[in-house]
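Just so we're clear, the structure is a prediction, and the values are computed from it rather than from any experiment.
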Amino acid sequence: MSSMTPLAHPPHSEAQLLAQAQQLAGRTLGELAAMAGLPIPRDLKRDKGWIGVLLEVWLGASAGSKPEQDFAALGVELKTIPIDGAGRPLETTFVCVAPLTGNTGVSWETSHVRHKLRRVLWIPVEGSRDIPLAQRHVGAPLLWSPNEDEERQLRMDWEELMDLIVLGEVERVTARHGEVLQLRPKAANSKALTEAVGAHGEPILTLPRGFYLKKNFTAALLARHFFLKTY
DNA sequence: AGCTGATCATAC
DNA sequence: GTATGATCAGCT
């Protein structure tokens, strides 16, 4: 326990990555931040990505911005997921920005969504705002790939949403579209604009959008994991 | 209460 | 603006 330390280098195998993640289970964010020498914000209001960065440090992921998977050599993406006392997600999960132009000929097979979700290390973290940040516990990790059903659900939603984008109907899409995958703003604020395609094929300016996993999807994959592990 | 639309920090 | 990391918070 006292030898616990952040990985100084990216893990060389999934097994090593998972082993390190399992070491974090049961610890509090306060303990992990102190051991890593990171200051703890009072809350996440102005530090929304803080937990993600903290766990990146512990797991040897390259912190910072790179359009790559967190563990590129392993092809693994890291996602922290806030959960309530019953282990259910408190928030949707951002996947990637949605391409709003240049989409002629794009397919699910080569999509960013599919690539990002090919293999994910999920790390549940207590997320209730009633629990002080430093006292929140890290849960047991789950190394996951979509099964046949999950992949089909994702593909169907992705194709529906991309069809609307290509047809110039992006501004008619709401977060209600999609069963497990939704499209929502992903921007600094409501004044940030990016290019998209209008209803008549003309260029328009609209909010940047991102693909997000709905809570029903992540809740199911977490529940399945804990069911199989426990019984 | 939960969801949808909006927002926060930082690097480049 | 885009890309990384996500959660906030007003409204239904």
Linking I/L/V/M/F/W/Y whenever any side-chain heavy atoms sit under 4.5 Å apart, do A/Val166 and A/Trp108 land together?
no

Is A/Leu74 linked to A/Leu24 within one hydrophobic cluster, defined over Ile, Leu, Val, Met, Phe, Trp and Tyr using a side-chain heavy-atom separation of less than 4.5 Å?
yes

Proximity to DNA chain B (any heavy atom under 4.0 Å), residues of [range] only:
range	value
residues 36-49 of chain A	A/Lys45, A/Arg46, A/Lys48
residues 125-135 of chain A	none
residues 177-184 of chain A	A/Gln182, A/Arg184

For A/Lys191 and for A/Glu91, find the nucleotide of DNA chain B with the closest heavy atom, then tell me which residue's nucleotide is more 5'.
A/Glu91

Rounding to a whole Å, what distance do you find between [X]:[atom1] and [N]:[atom2]?
X	N	atom1	atom2	result
A/Phe94	B/dC8	CZ	C1'	14 Å
A/Asn189	B/dC8	CG	P	7 Å
A/Phe211	C/dG5	CZ	P	17 Å

Shortest non-hydrogen contact from A/Tyr212 toward A/Phe94
CD2-CA, 3.5 Å

Over 12 non-hydrogen atoms of neighbours within 6.0 angstrom of CZ in A/Arg88:
no

Are the side chain of A/Trp58 and the backbone N or O of A/Thr5 linked by a donor-acceptor pair below 3.5 Å?
no

Under the 3.5 angstrom rule, does the side chain of A/Glu126 hit a backbone N or O of A/Gly85 as a donor-acceptor pair?
no

Who clusters with A/Leu193? Use side-chain heavy atoms, under 4.5 angstrom, across I, L, V, M, F, W and Y, and order the result by chain and number.
A/Leu205

Could a donor-acceptor pair under 3.5 angstrom be found where the side chain of A/Lys214 meets the base of B/dT4?
no

Given axes from five pairs at either end, by how many degrees does the helix from B/dA1-C/dT12 to B/dC12-C/dG1 bend, rounded to 10°?
40°

Using 0.5 Å steps for rounding, measure from the CD atom of A/Glu91 to the NZ atom of A/Lys48.
9.0 Å

Check the phosphate of C/dA3 against A/Lys116, side-chain N and O only, distance under 4.0 Å to OP1 or OP2. Yes or no?
no

Below the 4.0 Å mark, does B/dC3 have OP1 or OP2 next to a side-chain nitrogen or oxygen of A/Thr92?
no

Report, one pair per line, the protein and nucleotides 10-12 of chain C atoms (nitrogen or oxygen only) whose separation is under 3.5 Å.
none

Inspect the contact between A/Glu150 and A/Arg224 and indicate whether a charged nitrogen and a carboxylate oxygen are less than 4.0 angstrom apart.
yes

Does a side-chain N-to-carboxylate-O contact under 4.0 Å join A/Glu109 and A/Arg155?
no

